[in-house]
Amino acid sequence: MGGVTPVHKISLAVLISGRGSNLQSIIDACRIDNFPAEIKIVISNIEDAYGLVRAQNFNIPIRVVSHKGCSSKAEFEQRILSILDEFKIDLVCLAGFMRILSPTLIAPWEGRIINIHPSLLPKHKGLHTHERALEDGDTESGCTIHYVTSGVDEGDIILQKSVAILPDDTPDALAARVLEQEHIAYPEAIRLIASTLPKST
Ligand code: GRF
């Protein structure tokens, strides 16, 4: 007798707008046997986001919800909410999703929606984080995985990874160094919080 009890896998939706390298790190993690999550759907607001190709390469279902094709932000978010319901999602992962969400979407998912941000929050909320870290003469930067709330980049921090800022750093060089840590951080954060979520039926 015996055998290994299969790990309970929570169902993820990953929301993207672009190249999807963080999505790829989650796809790769989900291919590991004992990783406690699987991606059920990738949603993009941009039709030709490269991340959609990454999902299709692994036979992960995709949906495009173009904000431009919706008459209001509420309609855009309602359409995403319907997809999250349809795929019985447990945890929503924003991974380079470039739309600011309102309470229409965030409120029903509070505590079950997370984001990655390329700075050591609370420093450098918003865009152009690497430029600002260099301009401010910071000696370190990094990335943050945090819960999403209606305050942009303000929810509770799940985990952070830091990198040193080097004397001759450029925004691109720093971004690349931070991105390597992002790809480690996102799967680690999912693993961390998977055990805290109620199991879906
Ligand atoms: C990442 O730097 C992420 O932190 C930020 O947007 C970028 C998305 O990159 N929110 P990718 O699409 O995952 O490659």
Side-chain angles (χ1 to χ4, degrees), residues 12-30 35 37 39 42-46 48-55 60 65 67 77 80 91-102 105-106 109-194:
L12 307 179
V14 184
L15 272 57
I16 61 163
S17 298
R19 74 188 158 180
S21 70
N22 278 289
L23 165 65
Q24 187 68 57
S25 75
I26 302 169
I27 292 173
D28 294 344
C30 289
F35 191 75
I39 303 175
V42 171
I43 304 172
S44 174
N45 64 311
I46 303 289
D48 61 355
Y50 182 66
L52 293 172
V53 176
R54 295 181 190 270
I60 297 167
V65 181
H67 54 284
E77 295 187 359
I80 295 175
L91 180 68
V92 179
C93 301
L94 307 184
F97 183 67
M98 300 303 284
R99 305 301 296 171
I100 293 176
L101 295 170
S102 83
L105 195 148
I106 296 170
W109 283 89
E110 200 183 329
R112 297 180 299 146
I113 178 167
I114 65 177
N115 181 43
I116 186 158
H117 184 75
S119 79
L120 293 175
L121 290 173
K123 284 195 125 179
H124 311 308
K125 296 172 183 173
L127 299 174
H128 309 299
T129 54
H130 308 300
E131 285 85 345
R132 287 189 284 140
L134 292 174
E135 276 162 23
D136 285 8
D138 295 353
T139 54
E140 62 167 7
S141 188
C143 64
T144 304
I145 312 279
H146 63 95
Y147 287 103
V148 175
T149 60
S150 40
V152 174
D153 300 328
E154 284 192 348
D156 286 351
I157 291 172
I158 298 157
L159 67 83
Q160 295 185 303
K161 300 264 176 209
S162 52
V163 301
I165 293 185
L166 307 177
D168 58 351
D169 255 342
T170 61
D172 284 351
L174 178 57
R177 201 163 336 107
V178 170
L179 193 64
E180 278 179 22
Q181 294 305 309
E182 294 186 40
H183 297 161
I184 299 168
Y186 222 141
E188 203 173 306
I190 292 168
R191 196 184 266 285
L192 252 180
I193 64 181

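For S44, there are no side-chain hydrogen bond (donor to acceptor under 3.5 Å, both in side chains) partners two or more places apart in sequence or in a different chain. Taking the salt bridge (charged side-chain N to carboxylate O under 4.0 Å, His left out) definition, one finds that E135 meets it with nothing, sequence neighbours left out. Annotation: side-chain contact (heavy atoms from CB on, under 4.5 Å) contacts of E140 (sequence neighbours excluded): L120, S162. With sequence neighbours excluded, the residues satisfying side-chain hydrogen bond (donor to acceptor under 3.5 Å, both in side chains) with D28 are Q24. Scored by the side-chain hydrogen bond (donor to acceptor under 3.5 Å, both in side chains) test, S25 finds no partners at all (sequence neighbours excluded).
The CD1 atom of I43 sits 6.0 Å away from atom CD1 of I80, with the distance rounded to the nearest 0.5 Å. With rounding to the nearest 0.5 angstrom, the CD1 atom of I114 is 4.5 Å from the CG atom of L91. We find the CD1-CD1 distance between I190 and I39 to be 7.5 Å, quoted to the nearest 0.5 Å. Atoms CD1 and CG, on I26 and L12 in that order, are 7.0 Å from each other to the nearest 0.5 Å. Rounding to the nearest 0.5 Å places CG of L159 at 7.5 Å from SG of C143. Rounding to the nearest 0.5 Å places CD1 of I145 at 10.0 Å from CG of L192.
Judged purely by atom type and a 3.5 angstrom limit, E77 uses its side chain to pair as donor or acceptor with the backbone of S102. Of the possible donor and acceptor atoms, one in the side chain of D153 sits under 3.5 Å from a partner among the backbone N and O of G126. Remark: side-chain polar atoms of R54 are not paired, donor with acceptor, to backbone N or O of L23 under 3.5 angstrom.
Nearest heavy-atom pair across H146 and G155 is CB-O, 3.7 Å. Here the closest heavy-atom approach between residue A55 and residue V42 is recorded as CB-CG2, 3.8 Å. When all heavy atoms of V14 and A95 are compared, the pair lying nearest together is CG1-CB, 3.9 Å. Scanning both residues, I193 and Y147, for their nearest heavy atoms gives CG2-OH, 3.4 Å. Of all heavy-atom pairs spanning V92 and W109, the tightest one is CG2-CE3, 3.7 Å. Scanning both residues, R191 and F35, for their nearest heavy atoms gives NH2-CD1, 3.7 Å.
Residue pairs that meet the salt bridge (Lys or Arg N to Asp or Glu O under 4.0 Å) test with at least one member in residues 121-134, sequence neighbours left out, are K123-D138, K125-E154.
Counting only heavy atoms from C-beta outward, the side chains of L105 and V148 never approach each other to under 4.5 Å. Counting heavy atoms from C-beta on, the side chains of V163 and E180 never come closer than 4.5 Å. The shortest side-chain heavy-atom distance between I46 and M98 does not fall under the 4.5 Å cut-off. A heavy-atom distance below 4.5 Å is found between the side chains of L179 and N22.
Defined by atom type and a distance below 3.5 Å, a donor-acceptor pair is missing between the side-chain atoms of H130 and S141.
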- Item | Residues T129, H117; criterion side-chain hydrogen bond (donor to acceptor under 3.5 Å, both in side chains); working and verdict | CA-CA 9 Å; T129 54; H117 184 75; 5.3 Å; no
- Query: Are N45 and L15 close enough, and set up right, to give a side-chain contact (heavy atoms from CB on, under 4.5 Å), and what steps lead you there?
  - Reply: CA-CA 8 Å; N45 64 311; L15 272 57; over 6 Å; no
